[in-house]
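Below: one structure, written as structure tokens.
From a predicted model like this one, the values you see are computed outputs, not experimental measurements.
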Amino acid sequence: MRRSNETFVGIVAFSSSLVAVLIAMGCVSSRKQSEVVVNVSLDKGAVGAAAAKLIATEAKEAIRDRGRFTVAFSGGSLPKIVGPALQELKLQGTDKWIVFFSDERCVSLDDGDSNFKSVQDHVLTPLGIKLENVVTIDSKVASKPKEAAERYEEELKNRFPGEATPSLDLILLGMGPDGHTCSLFPDHPLLQESKRLIAYIENSPKPPPGRITFTYPLLNNAKGVAFISAGASKASALKEVMSEKDPLKKLPAGRIIGKVQWFVDKDAASELPAEAIKFGEKPEGKEVAAESKL
């Protein structure tokens with residue numbers, strides 16, 4: 001019998017055409033090795049536990065190698081999924097974490113729609129991460145998306161002196177049922193943004209309309225990216241992200257390349273092709289892995 005903490009893994013290579021198109025668009029700076037690993041767990045709790053282990057490992061290695069861990073969180077259900085699991089790990093060295101937000105709603109920091117507030121409640125406060133190590137939207141210009149994006153990009157670059165395009169250690173992302181990630185929505189002009197690292201949007205398809213967001217040049221320069229997504233409502237989009245061959249038709253979540261991991265539950269993975277994910281009994285102490293070139 002499978003236990004709820006078991007994780008099944010599939011590996012999918014990004015097509016060279018996607019990488020080439022993103023380079024031509026200016027959405028990635030160089031031809032980089034690109035592969036996505038899909039980690040499928042039986043329920044949301046196990047998804048959080050698997051993702052938390054990755055975060056802990058990346059944090060430990062980054063602090064060892066570079067003296068700090070730069071990580072970006074998104075909002076939605078992600079903080080609620082990973083927060084409890086991170087608390088259980090009783091992490092050391094969180095005073096060396098520098099926390100960013102892959103997108104943010106243009107609202108006050110204490111607003112119920114604020115990604116910062118959600119991450120603060122479920123991650124920052126429980127882990128004892130001080131606000132001086134957290135890069136938030138400037139509350140003074142929260143009602144002005146363009147200015148808020150400009151100031152966030154300036155502060156981001158200040159944290160990475162000498163780097164034209166910062167390379168965060170880990171970016172944590174979610175995905176909506178429509179395939180959007182950050183505040184990058186299907187068919188929106190921001191999908192073509194190649195110069196700004198932080199862009200603004202004033203007509204978001206989802207409320208609130210005003211937001212700021214990481215763009216692909218920044219996302220695709222990260223040392224690692226992890227998607228955390230659960231629920232049957234994500235199944236169709238996840239299938240399309242993994243199977244669409246035409247780079248220009250890729251959903252926003254499918255345009256991120258490099259070292260990418262997905263942490264999903266069985267409901268979100270329910271429409272993935274059988275050759276991409278093979279479910280089966282996991283031998284004690286081992287993972288079941290399947291490789292596929294989609």
Side-chain angles (χ1 to χ4, degrees), residues 14 18 21-22 24-28 36 72-79 81 100-107 111-116 118-119 137 142-150 152-153 156 168 171-222 225-258 260 262 264 268 271:
F14 280 103
L18 172 60
V21 168
L22 290 172
M25 293 169 60
C27 294
V28 60
V36 58
F73 283 83
S74 57
S77 61
L78 186 151
I81 293 175
F100 301 87
F101 296 89
S102 58
D103 73 321
E104 182 57 281
R105 289 80 178 272
C106 290
V107 296
D111 190 284
D113 283 330
S114 167
N115 286 343
F116 161 76
S118 180
V119 175
I137 193 171
S143 62
K144 302 175 181 179
K146 182 176 184 295
E147 189 172 348
E150 291 171 348
Y152 202 91
E153 180 165 335
L156 171 72
L168 277 75
I171 299 178
L172 302 170
L173 300 174
M175 180 186 68
D178 61 351
H180 86 267
T181 191
C182 301
S183 285
L184 300 169
F185 294 92
D187 302 318
H188 195 279
L190 280 185
L191 299 185
Q192 314 302 322
E193 179 59 50
S194 62
K195 295 182 179 179
R196 293 175 292 176
L197 303 180
I198 308 295
Y200 69 95
I201 179 172
E202 296 179 307
N203 60 343
S204 168
K206 292 184 62 179
R211 300 164 176 236
I212 65 172
T213 182
F214 282 13
T215 60
Y216 289 115
L218 182 58
L219 290 165
N220 286 329
N221 203 46
V225 173
F227 281 91
I228 299 164
S229 192
S233 66
K234 313 296 178 65
S236 178
L238 182 58
K239 176 184 177 182
E240 186 171 345
V241 164
M242 296 299 164
S243 61
E244 176 57 60
K245 300 294 193 299
D246 187 341
L248 296 179
K249 292 181 180 179
K250 279 278 189 182
L251 291 173
R255 300 186 182 209
I256 296 174
I257 64 173
V260 181
W262 284 80
V264 300
E271 295 187 24

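- At least one donor-acceptor pair closer than 3.5 Å links the side chain of Thr181 to the backbone N or O of Gly174.
- Put simply, the side chain of Lys146 never gets that close to the backbone of Tyr200: no donor and acceptor are under 3.5 Å apart.
- Side-chain contact between Leu219 and Val225 is absent, with no heavy-atom pair separated by less than 4.5 Å.
- Put simply, the side chain of Leu238 reaches to within 4.5 Å of the side chain of Met175, judged on heavy atoms.
- At least one donor-acceptor pair under 3.5 Å links the side chain of Glu104 to the backbone N or O of Asn115.
- Side-chain contact between Leu218 and Leu156: present, with at least one pair of heavy atoms (C-beta onward) separated by less than 4.5 Å.
- More than 12 heavy-atom neighbours from other residues, nucleotides or ligands sit within 6.0 angstrom of CG on Asn203.
- Side-chain atoms of Arg211 and Ser204 form a donor-acceptor pair, as typed in the model, at a separation below 3.5 Å.
- Within the 3.5 Å criterion, the main-chain N or O of Ile198 finds a donor-acceptor partner in the side chain of Glu153.
- For the pair Lys249 (side chain) and Glu244 (backbone), a donor-acceptor distance under 3.5 Å is absent.
- Not one N or O on the side chain of Ser229 forms a donor-acceptor pair closer than 3.5 Å with the backbone of Val264.
- For the atom pair CD1 of Ile257 and CG of Asn220, the computed distance is 4.5 Å after rounding to the nearest 0.5 Å.
- Minimum heavy-atom separation, Pro145 to Ile201: CB-O, 4.2 Å.
- Among all heavy-atom pairs drawn from Thr215 and Ala199, the shortest one is CG2-CB, 3.6 Å.
- Between Ser236 and Pro177 there is no side-chain heavy-atom pair separated by less than 4.5 Å.
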(message) Working note: Ile137 + Phe116, criterion side-chain contact (heavy atoms from CB on, under 4.5 Å); need CA distance, chi angles, decisive distance, verdict.
(response) CA-CA 9 Å; Ile137 193 171; Phe116 161 76; over 6 Å; no
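- Residues Leu184 and Tyr216 are in side-chain contact: their nearest non-hydrogen atoms beyond the backbone lie under 4.5 Å apart.
- Atom-to-atom distance recorded for Lys206:NZ and Arg105:CZ is 6.5 Å, nearest 0.5 angstrom.
- Taking CD1 from Ile256 and CZ from Phe214, the interatomic distance works out to 10.5 Å, rounded to the nearest 0.5 Å.
- Of all the heavy atoms in Ser183 and Ile212, the pair that sits closest is OG-O, 4.4 Å.
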(request) Go through His188 and His180 one step at a time and tell me if the side-chain contact (heavy atoms from CB on, under 4.5 Å) criterion holds. (result) CA-CA 10 Å; His188 195 279; His180 86 267; over 6 Å; no
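- In this pair, Phe100 and Tyr152 present their aromatic rings perpendicular. The plane angle is above 60°, beyond the 30 to 60° band.
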(request) Decide yes or no on side-chain contact (heavy atoms from CB on, under 4.5 Å) for Val241 and Trp262, but give the supporting numbers first. (result) CA-CA 11 Å; Val241 164; Trp262 284 80; 3.9 Å; yes
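- Contact detail for Leu251 and Ala237: the closest heavy-atom pair is CD1-O, 3.8 Å.
- Side-chain contact of Thr213 with Asp103: a donor-acceptor pair under 3.5 Å is absent, judged by distance alone.
- Contact check for Met242 versus Val36: side-chain heavy atoms found under the 4.5 Å cut-off.
- A distance-only check finds no donor-acceptor pair linking the side chain of Ser102 to the backbone of Cys182 [under 3.5 Å].
- The shortest distance between side-chain heavy atoms of Phe227 and Leu172 does not fall below 4.5 Å.
- Rounded to the nearest 0.5 Å, atoms OG (Ser77) and CD1 (Ile228) are 9.0 Å apart.
- You'll find the side chain of Arg255 reaches within 4.5 Å of the side chain of Leu191, heavy atoms only.
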